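To keep things clear, I will list the structure first and then write my remarks on it.
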Amino acid sequence: MKVLVIGSGGREHALAWKLGQSPKVSKVYVAPGNAGTALDAENVSIAEKDFPALIDFCKENDVKLVVVGPEAPLSAGAVDAFTEAGLRAFGPSQKAAKLEGSKVFCKEVLNKACVPTARAQVFDNAEDAYRYVDEGDEGGFVVKADGLAAGKGVVVASSKAEAKEAIKQIAEDRAFGDAGARFLIEERLMGQEASVLAITDGHTIVTLQPAQDHKAAYDGDQGPNTGGMGAYCPASLVDDDKLHWIEENVLLPTLITLNRMDTLFKGVLYAGLMMTPQGPRVLEYNARFGDPECQPLLSRLKTDLVDVIEATIDEKLCDIEPLVWDERPAVCVVMASEGYPGSYEKGFPISGLDEAAKLPDVKVFHAGTKLVDGVVTTNGGRVLSVVALGDTVADAKRKAYEAVAKISWQGAWNRTDVADKEIKAVQN
Ligand code: AMP
Ligand code: GLY
């Protein structure tokens, strides 16, 4: 069977690599892909939201399965368009993807489902929001643009002034365009974060092993939020008891509530959680695999992903065997362009990829890369996701950073403390 993956990030490289390992798959295409997917699959130069061209490509090339990676095409109705054209596509419908595409809608669903989450107030103008902040406590606010903003539309404010600056940027300056037409102000929660992803056909959930992302740009969780600067899995912070609690009190009630709202959610339901002293609280839902969490997760998954995806599309997930995992933990370090998550230059040649690829138990997934005259060059903010498996999480970290040390380009940087919290936790 021929498969098309839509997207061009590290997550899509990992998906293409994993799908290509299935004995059922004869060929993987990626649209538009990157320099890494050109090695592990074949790139197709069609934009991720050009659905008519993508559908024509699938029909002309006998593609039997489409896997949509990123939130933007999902929110724009990719799965609906493919399905209407008679193709099999993995991911939520446009209606269901609203769970990620609108933080206001997500909060409504969470509250309806009685799922524990931060208290929040919705605003559509800056004046009311400024007044709300003035009346509240210093340092207790998180300001969130309603719509999609590539992980950058959330500001955790440590003072009223910072909260007001965020409101100004989102609501007045429209830093995120229409995504800021409405926004939320939430109570600030404290605790460690975990990503719990489940594959679901709308009835049954198949929960993946918990992972932890590193959203802040710099070491020690300092600096602005990014799309994610590193990840590891499994995350001991979510032990089996907590995972079951999350399934019963977070994931399943959410699905039931969506079903009652006539919204069948099929695809990846990703709960971004904060483990507070009062228990897990949902910060957000995503409607797709996390990037970079997908990279260490799929590096450890032994089950054929095609079987899980097909069972999801057919609404037969209840029939599949429990997932099989590589016991070894995986650590993923993201290498980024100078200036990211702010503005950055592109087009620097990357060296050392071949040496890194020779290291055992290491896989370098590409994100913002492009082949220019046969040379791999930088083409985005998050450039590479370097994943290593190890006997322990410390060993996986050591191997990942050994590979990172072999790779360079002008201005390359990365966090140096990915997985340190886990290493400390398992030592204690
Ligand atoms: P979100 O896109 O809603 O997950 O927010 C991005 C990041 O902002 C999260 O991963 C957290 O680090 C932080 N964040 C979001 N909501 C809250 C909250 N209510 N309290 C504290 N931090 C938050
Ligand atoms: N790693 C965060 C995200 O995918 O949204």
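Counting convention: from 1, in listed order, for ligands and their atoms alike. None of these values were measured; they are calculated from a predicted model.
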Mode of E293 contact toward ligand 2 - side chain, backbone, both, neither (heavy atoms, under 4.0 Å) = side chain
What atoms in ligand 2 come closer than 4.0 Å to a heavy atom of G227?
-> 1 (N), 2 (C)
Considering the heavy atoms of K144, write down every atom of ligand 1 situated less than 4.0 Å from one of them.
-> 3 (O), 15 (C), 16 (N)
Atoms of ligand 1, numbered as shown, that sit under 4.0 Å from any heavy atom of A118 = 19 (N)
What atoms of ligand 1 come closer than 4.0 angstrom to any heavy atom of K215?
-> 10 (O)
Counting from 1 in the order shown, the ligand 1 atoms closer than 4.0 Å to a non-hydrogen atom of V142 are 16 (N), 17 (C), 18 (C), 19 (N), 20 (N), 21 (C)
Is ligand 2 less than 4.0 angstrom away from at least one heavy atom of P292?
-> yes
So is M190 close enough to ligand 1, meaning a heavy atom under 4.0 angstrom away?
-> no
Classify the side-chain pair T37/N43 by whether it contains a donor and acceptor separated by less than 3.5 Å.
-> yes
Close-contact set for ligand 1 against R188 heavy atoms, below 4.0 Å | 20 (N), 21 (C)
Atom 5 (O) of ligand 2 [closest protein heavy-atom partner, distance rounded to 0.1 Å] | R288 NH2, 2.9 Å
Side chain to side chain donor-acceptor pair (under 3.5 Å) partner of D221, chosen from H214, R415, Q192 = R415
Identify the residue among T117, L110, V109 that makes a side chain to side chain contact (heavy atoms under 4.5 Å, CB included) with Y285.
-> L110
Can you tell me if D146 uses its side chain to pair, donor with acceptor, with the backbone of G180 under 3.5 Å?
-> no
Taking distance alone, with no angle check, do R11 and ligand 2 share an N/O pair under 3.5 Å?
-> no
Within-4.5 Å side-chain heavy-atom neighbours: V331 and E422 = no
Is the shortest distance from a heavy atom of E187 to ligand 1 less than 4.0 Å?
-> yes
Out of R119, E193, E284, whose heavy atom is nearest to atom 12 (O) of ligand 1?
-> E193
In this structure, which one of F82, F51, Y29 forms a ring pair (Phe, Tyr, Trp, His ring centres under 6.0 Å) with F57?
-> Y29
Taking C-beta and beyond as the side chain, do R382 and P292 meet within less than 4.5 Å on heavy atoms?
-> yes
Contacts of Y270 meeting ring pair (Phe, Tyr, Trp, His ring centres under 6.0 Å) (sequence neighbours excluded), chain-then-number -> none
Heavy-atom distances under 4.0 Å are what count here, so tell me which part of V156 touches ligand 1: side chain, backbone, both or neither.
-> side chain
Only one of K399, R398, K406 passes salt bridge (charged side-chain N to carboxylate O under 4.0 Å, His left out) with E402; say which it is.
-> R398
Could you list which atoms of ligand 2 come closer than 4.0 Å to a heavy atom of D213?
-> 1 (N), 2 (C)
Distance-only N or O hit between ligand 2 and E284, under 3.5 Å = no
L317 CG to H203 NE2 distance, which is reported to the nearest 0.5 Å | 9.5 Å
Residue part near ligand 2, for H214, under 4.0 Å between non-hydrogen atoms | neither
Whether H13 and F365 hold their rings parallel, tilted or perpendicular, with breakpoints at 30° and 60° = perpendicular
For G290, take its heavy atoms, then give the atoms of ligand 2 lying under 4.0 Å from any of them.
-> 4 (O)
Looking at side-chain heavy atoms only, is the closest gap between K168 and Y130 below 4.5 Å?
-> yes
Which one holds for L189 and ligand 1: side chain close, backbone close, both close, or neither close, with close meaning a heavy atom under 4.0 Å?
-> both
Counting distance only, does the side-chain N/O of R300 pair as donor-acceptor with the main-chain N or O of D326 below 3.5 Å?
-> yes
Using a heavy-atom cut-off of under 4.0 Å, does the side chain or the backbone of N225 touch ligand 1, or both, or neither?
-> side chain
Going by heavy atoms, is G228 under 4.0 Å from ligand 2?
-> no
